[in-house]
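Quick one: this structure, given as structure tokens, is what I'll be asking you about.
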Amino acid sequence: MDTNQEIALTQLRKSVEKLGSSTDSYGEKTLMRFLIARSMDSEKAAKMFVQWKKWRAEMVPLGYIPDCEAADELAAEKVYLQEMTKSGHPVMIVKVNKHFASKDQLQFKKFVVHLLDKTIASSFKGREIGNEKLIGILDLQNITYSNVDARGLITGFQFLQAYYPERLATCYLLNMPQFFVTVWRFVCRFLEKTTQEKIRIVTNEEQKEEFIREVGEDVLPEEYGGRAKLVLLQDVAVNY
């Protein structure tokens, strides 16, 4: 860590204290995520950190969302959690053709938190370091208009931006049909530039080969060009 980062961290801690909160139980790598997300502006990072702590206390009082609080969403069996890549990133796959817009938005939000927390927790080797990242894959194969849920997509990405800063390594969009392009352009209006830069739309063979190479054949299921089997999110055990 260089001198400028150390100074920014010190300023962040002081700014958090001025806002009536504390960074006592959080390590440098956790705090650095907030600084990076706010372009090393310690005051903006402090506000983000305090808002995050408040949100976690309200949304995730147990420290995690149990399966029973997202039961309907889990029953659709639309999210899969694979092994880690060589870079140490767990891979989460969403089959969008199994998704339908939820009538219970609170449960859907809890489901988003559940899958993000569980994916990140699957990368812990003993205990959380604070800078773990995930790879997301949105598979749009065989989707119809009934699967289109712009609100749900926006919610997922906004949660990542506001409450999981610097947790996303890369998000791949596979098999995007032409009719979904307009939907995606609308969703992108709600995404920060840094988020958009981490999203890759795979449309041709060259991009597909790069996708397979970056994620790894040992991790990717066979249907995506790898050698692994799909593993349902709820079949993976983690220690939070």
Side-chain angles (χ1 to χ4, degrees), residues 33-34 36-39 44 48 51-52 55 59-60 65 70 72-74 76-82 89-120 133-204 206-208 210-211 214-215 220 223-224 233:
R33 289 194 290 106
F34 290 87
I36 293 168
R38 290 297 175 261
S39 303
K44 289 181 179 178
M48 186 185 196
Q51 289 170 350
W52 167 76
W55 173 81
M59 176 65 86
V60 201
I65 302 290
D72 294 341
E73 297 293 332
L74 287 169
E77 298 189 344
K78 56 191 171 185
V79 180
Y80 302 82
L81 181 52
Q82 305 301 118
H89 305 321
V91 178
M92 176 188 69
I93 300 172
V94 182
K95 285 186 172 288
V96 183
N97 67 348
K98 293 186 175 185
H99 172 77
F100 299 93
S102 177
K103 295 178 181 178
D104 185 343
Q105 280 300 302
L106 177 58
Q107 182 180 167
F108 179 73
K109 289 177 180 179
K110 287 185 175 183
F111 174 65
V112 171
V113 175
H114 173 84
L115 67 89
L116 290 175
D117 280 0
K118 191 166 187 178
T119 300
I120 293 164
K133 295 178 183 285
L134 63 89
I135 289 175
I137 297 173
L138 298 181
D139 181 5
L140 300 159
Q141 183 79 43
N142 298 325
I143 66 167
T144 66
Y145 286 102
S146 61
N147 303 120
V148 174
D149 181 13
R151 182 182 182 183
L153 269 173
I154 292 166
T155 295
F157 279 110
Q158 286 187 332
F159 270 33
L160 269 170
Q161 291 174 166
Y163 307 124
Y164 296 84
E166 293 301 305
R167 287 298 202 186
L168 180 64
T170 313
C171 179
Y172 296 93
L173 270 63
L174 309 181
N175 307 309
M176 182 185 289
Q178 187 59 40
F179 79 85
F180 194 80
V181 174
T182 304
V183 178
W184 182 246
R185 286 175 181 160
F186 172 74
V187 171
C188 283
R189 296 179 189 175
F190 298 86
L191 306 187
E192 297 171 0
K193 183 181 177 182
T194 51
T195 302
Q196 293 191 40
E197 290 172 349
K198 295 173 182 176
I199 296 170
R200 299 184 190 177
I201 302 174
V202 179
T203 57
N204 57 44
E206 183 180 348
Q207 292 170 341
K208 184 179 179 182
E210 184 180 358
F211 157 70
E214 290 180 353
V215 179
L220 278 173
E223 63 190 271
Y224 300 113
L233 177 71

Self-check item: Aromatic centroids of Tyr145 and Phe179 separated by under 6.0 Å
Solution: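 They qualify: ring centres under 6.0 Å apart.
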
Exercise. For the pair Glu166 and Lys198, find out whether any cationic side-chain nitrogen is under 4.0 Å from an anionic carboxylate oxygen.
Key: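 Between Lys198 and Glu166 there is a salt bridge, with a charged N closer than 4.0 Å to a carboxylate O.
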
Quiz item: Would a distance-only check, ignoring hydrogens and angles, find a side-chain to backbone donor-acceptor pair under 3.5 Å from Glu73 to Gln107?
Solution: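 Not a single qualifying donor-acceptor pair exists.
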
Quiz prompt | Contact check, side chains of Arg200 and Glu210, non-hydrogen atoms, under 4.5 Å | solution = yes

Practice problem: Hey, could you give me the CE/OG1 distance between Met176 and Thr203, rounded to the nearest 0.5 Å? | Solution: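 With rounding to 0.5 Å, CE (Met176) is 9.5 Å from OG1 (Thr203).
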
Quiz item: Within a strict 4.5 Å, meaning less than it, do heavy atoms of the Ile36 and Pro165 side chains meet?
Solution: no

Quiz item: What distance do Phe100 atom CZ and Thr144 atom OG1 have between them, rounded to the nearest 0.5 Å?
Solution: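 Output value for this atom pair is 6.5 Å.
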
Quiz item: Can you check whether Leu106 reaches Lys110 side chain to side chain, under 4.5 Å on heavy atoms?
Solution: yes

Quiz prompt | side-chain contact (heavy atoms from CB on, under 4.5 Å) between Phe108 and His99, intermediate numbers included | solution = CA-CA 11 Å; Phe108 179 73; His99 172 77; 3.7 Å; yes

Quiz item: Heavy atoms, side chains only, cut-off 4.5 Å: are Arg167 and Leu116 in contact?
Solution: no

Quiz item: Any idea which heavy atoms bring Arg33 and Tyr164 closest together, and the distance?
Solution: NH1-C, 4.2 Å

Quiz item: What is the ring orientation for Trp55 with Phe159, classed by angle as parallel under 30°, tilted 30 to 60°, or perpendicular over 60°?
Solution: perpendicular

Quiz item: Looking only at heavy atoms, what is the nearest atom pair of Val112 and Gly156, with distance?
Solution: CG1-CA, 4.1 Å

Practice problem: Output, in order, the C-alpha distance, side-chain angles, deciding distance and verdict of salt bridge (charged side-chain N to carboxylate O under 4.0 Å, His left out) for Lys95 and Glu77. | Solution: CA-CA 9 Å; Lys95 285 186 172 288; Glu77 298 189 344; over 6 Å; no

Practice problem: Evaluate side-chain contact (heavy atoms from CB on, under 4.5 Å) for Met59 paired with Tyr163, printing each intermediate quantity in order. | Solution: CA-CA 11 Å; Met59 176 65 86; Tyr163 307 124; over 6 Å; no

Exercise. Measure the shortest side-chain to side-chain distance between Val94 and Leu115 over non-hydrogen atoms and say whether it is less than 4.5 angstrom.
Key: no

Quiz prompt | Minimum heavy-atom distance between Gln141 and Asn175, given as atom pair plus value | solution = OE1-CG, 3.0 Å

Practice problem: Among Leu233, Ile93, Asp139, find the residue that satisfies the side-chain contact (heavy atoms from CB on, under 4.5 Å) test when tested with Tyr80. | Solution: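 It is Ile93, the one option of Leu233, Ile93, Asp139 that forms the side-chain contact (heavy atoms from CB on, under 4.5 Å) with Tyr80.
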
Quiz item: In terms of heavy-atom contacts, does CD of Glu206 have more than 12 from other residues, nucleotides or ligands at under 6.0 Å?
Solution: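 Atom CD in Glu206 is not packed in, count stays at 12 or less.
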
Self-check item: Closest heavy-atom pair and its distance - Leu191, Gln196
Solution: O-NE2, 3.2 Å

Quiz item: If you measure from CE on Met48 to NZ on Lys44, what distance do you get to the nearest 0.5 Å?
Solution: 12.0 Å

Practice problem: Would you mind reporting whether Asp72 and Ser102 have side-chain heavy atoms less than 4.5 Å apart? | Solution: no

Self-check item: 4.5 Å side-chain heavy-atom contact, Ile65 and Val60
Solution: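 Side-chain contact under 4.5 Å: yes.
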
Quiz item: Which one of Val79, Leu134, Ile135 satisfies the side-chain contact (heavy atoms from CB on, under 4.5 Å) criterion with Thr119?
Solution: Leu134

Practice problem: To the nearest 0.5 angstrom, please state how far the NE2 atom of His89 sits from the CD atom of Gln82. | Solution: 16.0 Å

Quiz item: Roughly how far, to the nearest 0.5 Å, is the CD1 atom of Ile199 from the CZ atom of Phe157?
Solution: 4.0 Å

Quiz item: Quick one: are Phe111 and Lys78 in side-chain contact, heavy atoms under 4.5 Å?
Solution: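 The answer is yes; the side chains approach within 4.5 Å.
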
Self-check item: Least distance between heavy atoms, Leu168 atom then Thr170 atom
Solution: CD1-O, 3.5 Å

Practice problem: List the atom of Val91, the atom of Ile137, and the distance in Å for their closest heavy-atom pair. | Solution: CG1-CD1, 3.7 Å

Quiz item: For the atom pair CZ (Phe211) and CG (Leu174), what is the distance rounded to the nearest 0.5 Å?
Solution: 4.5 Å

